[in-house]
J.: 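Handing you this structure, nothing more for now.
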2 protein chains.
Amino acid sequence: MQAALDLIAERGPAGATFAEAARRAGVSPAAPYRHFRDREELLAAVAAAGFDRFAEALKAGWNGGRPDAASAYERMGHAYLDFARQHPADYVAMFESGIPTEADPALRQAADRAFGVLREAAETLVAAMPAQGRPPALMVALHTWALAHGVAALFGRADAARRKVPMPADDLLEAAFLIYLKGLGAPAA
Amino acid sequence: MQAALDLIAERGPAGATFAEAARRAGVSPAAPYRHFRDREELLAAVAAAGFDRFAEALKAGWNGGRPDAASAYERMGHAYLDFARQHPADYVAMFESGIPTEADPALRQAADRAFGVLREAAETLVAAMPAQGRPPALMVALHTWALAHGVAALFGRADAARRKVPMPADDLLEAAFLIYLKGLGAPAA
DNA sequence: GCGTGATGTAAGTGCTTTTCACATGAGCTG
DNA sequence: CAGCTCATGTGAAAAGCACTTACATCACGC
């Protein structure tokens, strides 16, 4: 799995071949078939491990919502982008390897766990808002994820289909967050 | 190129093999090499054609900003999602085929043209806002793109790594747009 | 009439994925 | 300790793909 992850980092998901991963692990090309049904299952396992690390990173960024929900939420956004930048292979395996999340139950579970961190943070954030006009927390979580993923996928990583943009992805996401929260009427001005 | 597009629709970008595309076009596996240097160049051409169609779809949605910038902008957002849903193969070729946008000059140009539609719409939208506190149009365009892409990639298409969400992608994007525009102080309440 | 360039084919190389029969070695059981 | 089982690994093989090279065809302009 580590060899496969390295290969994704070096050559992209298409270049991560089963045979080469086995070679790097020092075994014959047939050996990994004792552990993974096929190439797709290997990639699913790599992606699931990535989601686990991702959930940890988000949780660390959120840090229980301290010192206050709004700043912790924004810090979690930075953690999101940091993860995409510092673990591009994981991120690619998770979102761009062509493996449907539903394919593997373990993968699906890991992805749900990662989103759960985001959802709970959104719930805390929403709970801190004035009661009237309080938006649905799940919607806020989905919006946050879509925004963070969009920024990461389009402008975040250096190697991929990145576009030249006049501002760094971090600032772009932070600005979007602040505008969005202001639109919600959140205490974040 | 049509055969390759069909293959992407049926089997995903990894399943779109050069040989099979040639077979479907009724020629030998070597024939396409007269027209494309390698598999990557074929996919880049397919993606470029997709960006052209995409730019047309966005332009049609924007419709010159009529009747007013805010509603036209939102309609363009719907056009974005409609395109991702109705032309999933194009969208996959454009954003998830692993082809870096910089690889091919024609691809890059087509992508820039599509983003140009979005950028001009954002400029018009921003120009309609009160002069003081007017945000940079480019930033608004990038935010819009990131949001729309995030929603499309995560929740938009039926086949891909879509998650079960309690609300349709259209509504999700529309709500996010409205909240974002409200945060900007735009005339969209 | 004849070169020329665009297009296509057949065959071949080296890579991949996947399977199958067989080896090996650790650990449990009697 | 013998024997059995199970996990793990190997080598060989089939099938498919990307890509190359040498050769064929054929329309078109001079």
J.: Quick check: are there more than 12 heavy atoms from other residues, nucleotides or ligands sitting under 6.0 Å from CD of A:Glu10?
T.: yes
J.: Where is the tightest heavy-atom contact between B:Leu118 and B:Tyr73, given as atom of each residue plus distance?
T.: CD2-OH, 4.0 Å
J.: Classify the angle between the aromatic ring planes of B:Trp145 and A:Phe155 as parallel (below 30°), tilted (30 to 60°) or perpendicular (above 60°).
T.: perpendicular
J.: D:dA18, D:dT10, C:dT17: which one has an atom nearest the side-chain heavy atoms of A:Arg39?
T.: C:dT17
J.: Taking only side-chain nitrogens and oxygens of B:His35, does any of them come within less than 4.0 Å of OP1 or OP2 of C:dG8?
T.: yes
J.: Could you label the plane-to-plane angle of the A:Phe95 and A:His149 rings as parallel, tilted or perpendicular, counting under 30° as parallel and over 60° as perpendicular?
T.: tilted
J.: To the nearest Å, how far apart are B:Arg37 CZ and D:dT21 P?
T.: 15 Å
J.: Taking only side-chain N and O atoms of B:Arg23, does any of them lie within less than 4.0 angstrom of OP1 or OP2 on D:dC17?
T.: yes
J.: With each end axis built from five pairs of C1' atoms, what bend angle do you get for the helix from C:dG1-D:dC30 to C:dG30-D:dC1? Round to 10°.
T.: 10°
J.: Starting from the C-alpha separation in whole Å, work towards a yes-or-no answer on side chain to side chain contact (heavy atoms under 4.5 Å, CB included) for B:Asn63 and B:Arg66.
T.: CA-CA 6 Å; B:Asn63 190 27; B:Arg66 280 174 296 256; 3.4 Å; yes
J.: Is A:Thr17 close enough to C:dT16 that one of its side-chain N or O atoms is under 4.0 Å from OP1 or OP2 there?
T.: yes
J.: Go through C:dT16, D:dC19, D:dG9 for me and flag the one nearest to the B:Tyr33 side chain.
T.: D:dC19
J.: Spell out, as yes or no, whether a donor-acceptor pair under 3.5 Å connects the side chain of A:Glu174 to the backbone of A:Asp170.
T.: no
J.: For the side chain of B:Arg34, starting at C-beta, report the closest nucleotide among D:dG9, C:dG8, D:dC17.
T.: C:dG8
J.: Could you pull out the closest heavy-atom pair between B:Pro100 and B:Leu107, with the gap in Å?
T.: O-CD2, 4.0 Å
J.: For A:Ala30, which contact category applies under a 4.0 Å heavy-atom criterion: base, sugar-phosphate, or nothing?
T.: base
J.: Once you apply a heavy-atom cut-off of 4.0 Å, does B:Phe18 come out as touching a base, just sugar-phosphate, or nothing?
T.: sugar-phosphate
J.: I need the CD-P distance between B:Glu20 and D:dA15, as an integer number of Å.
T.: 17 Å
J.: Take atom CD of A:Glu41 and atom P of C:dT19, then tell me their distance rounded to the nearest Å.
T.: 12 Å
